[in-house]
2 protein chains.
Amino acid sequence: MNDDALGRLGDGGSLTNRVQAAIEEMIMNGELRGGDKVNEITLSERFGTSRGPLREACRALAQEGLLVAIPNRGVFVRELDLREALEVYDVRSALDELMGRLIAERVDDAQVRELYGLVDAMDRAAAERDLERYYPTNLEFHNRLLALANNRRLQRLYKGLVKELHLFRRKGLLQLGSMRISNEEHRQIVQSIEARDPIAAGVCMKSHVLAAKQRLLAAVEAERAQEITLAQTSAPRRRRQGT
Amino acid sequence: MNDDALGRLGDGGSLTNRVQAAIEEMIMNGELRGGDKVNEITLSERFGTSRGPLREACRALAQEGLLVAIPNRGVFVRELDLREALEVYDVRSALDELMGRLIAERVDDAQVRELYGLVDAMDRAAAERDLERYYPTNLEFHNRLLALANNRRLQRLYKGLVKELHLFRRKGLLQLGSMRISNEEHRQIVQSIEARDPIAAGVCMKSHVLAAKQRLLAAVEAERAQEITLAQTSAPRRRRQGT
DNA sequence: GTCCGCCGGTCTGTTGACAATCTGACGCAT
DNA sequence: ATGCGTCAGATTGTCAACAGACCGGCGGAC
């Protein structure tokens, strides 16, 4: 991020809104990592504002859960441990089930065709092992579903949860887990939506998220096993790893 | 609320936190109603602070969804129309299902007995038509369930939704609807929890919320019908009511 | 050698003042 | 009478400075 950081986000109206968007962006693209301290003076100088708007932006982000404010100590980028990440997946599973239910109750044929189009595109990308194309389409697919649910509260909470997952320490594991995603799950979701079966659509979407949760767990376990192996080979005399 | 408004909430550490709690309190007890403007100078003078902390508190409450900030116009207490209230109920139904699922997977016998105790207390209060005792117990029952789910994310989102429902214009209708609540639903919830049946517990809790949603809808319909009747008798020559 | 208390620097918490914007009303022209 | 441009008052947006809290290092006592 450069000195024109706020200029690019010029559509916020107030400085506070732009600063808030800028900090959120810094967190999302990894410039600010979990546990980092948000220094008011440093950041306000960088954005070319005073500390007032910056403090207001931090307050909002803290309420949103992206930052943590400790009185007289400052604000820090929140850090999500494995337990919390799994909690988020559980909540997402519940919201996804609702999403499927709502969508199946109100889609029209054109929307179903659009969803099939996205699934087909993902199939083609997957066949070519083209992850650069698979990811954005996958993202669009889920955004489209979220929009089709037509429930603003659901949309806000869901987007918040997605943002929160960016705070997971080993974010790489999330992508590693979703890499092995089965597009077949997506197709089943659309099929149950096409059948206008709210129960089935809800179950499909819930299962989809819970499967992702399990993939994350598996990836964490795999990494842990590998770490232990590495540690044992490089320092074989050590019997116990740090807990 | 008096001039000691912040003194009673003295445990917030920073002024901002106390102001935030105070404003939230004002919204919850109805002193600030939906659509009301939050004047920075007026409120800051009332709390004995400057505008800085007050603005930060409003930022946080806006992010939480209790206030709405319009650039260069100020912040206003958010107003929930019927459509939005129903949306909230839908989301709550999903979260409650998750809650039931999680609880049934991890309760112990003592906790089940405690839940039965609360249901019994509600039965006794209902038998005596003692709503003053029924309400707090009902609240405690649901808070207890929320705690038993042991999922902080779920707890935060759920409490947020409950707060948001206070912004519904005709809040009275909510209570009117829950007055006819069947404690039998509560007992069924506990029974399925006691049976350690996650599916059944989830369904029971989801149904409980959706039933409340239907009761709200019915109350709104009843009120609307009565309004039309009154309007027709008092001004019978008018054929069309204002939309 | 270790622990305790002091102290300077740094950062946050808060404030009051200045600049920009909006609201509502007044007066004028049509 | 109605509509429009203008203006004063009020309110929000932003800033720079002051006060207080926390952190780390230093020196002395045991």
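To find a chain, count down the sequence lines: A is the first, B the second, and so on, and within it residues start at 1.
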Expected list for residues 67-80 of chain B: side-chain donor-acceptor pairs under 3.5 angstrom, two or more places apart:
unit_1  : atom_1 : unit_2   : atom_2 : d
B:Arg78 : NH1    : B:Gly65  : O      : 2.8
B:Arg78 : NH1    : B:Glu164 : OE2    : 2.9
B:Arg78 : NH2    : B:Glu164 : OE2    : 3.3

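- Taking B:Phe141 as the reference, B:His186 meet the ring-ring contact (aromatic ring centres under 6.0 Å, His included) condition, with sequence neighbours excluded.
- Residues meeting the side chain to side chain contact (heavy atoms under 4.5 Å, CB included) test with B:Asn143, sequence neighbours left out: B:Leu139.
- The salt bridge (Lys or Arg N to Asp or Glu O under 4.0 Å) test applied to A:Glu114 returns A:Arg144, not counting sequence neighbours.
- Between the side chains of B:Asn17 and B:Ser14, at least one donor-acceptor pair of N or O atoms lies under 3.5 Å.
- When the side chain to side chain contact (heavy atoms under 4.5 Å, CB included) test is applied to A:Glu87, the partners found at least two apart in sequence or on another chain are A:Arg83, B:Asn151, B:Arg152, B:Arg153.
- Distance CD (B:Glu45) to P (D:dA10): 13 Å, rounded to an integer number of Å.
- The side chain to side chain contact (heavy atoms under 4.5 Å, CB included) search around B:Thr137 returns B:Leu118, B:Ala121, B:Met122, not counting sequence neighbours.
- Comparing the helix axis at one end of the helix from C:dG1-D:dC30 to C:dT30-D:dA1 with that at the other, each defined from 5 consecutive pairs, gives an inter-axis angle of 10° (nearest 10°).
- Shown here are the side chain to side chain contact (heavy atoms under 4.5 Å, CB included) partners of A:Lys159, two or more places apart in sequence or in another chain: A:Leu146.
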Spell out protein contact along nucleotides 7-13 of chain C as letters: B when the base is contacted, S when just the sugar-phosphate is, - when no protein heavy atom is under 4.0 Å; keep the 5' to 3' order. ----SBB
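- Residues that satisfy the salt bridge (Lys or Arg N to Asp or Glu O under 4.0 Å) test with B:Lys37, not counting sequence neighbours, are absent from this structure.
- The salt bridge (Lys or Arg N to Asp or Glu O under 4.0 Å) test applied to A:Glu221 returns A:Arg224, not counting sequence neighbours.
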Heteroatom pairs (N/O) under 3.5 angstrom, protein to nucleotides 5-9 of chain D:
none

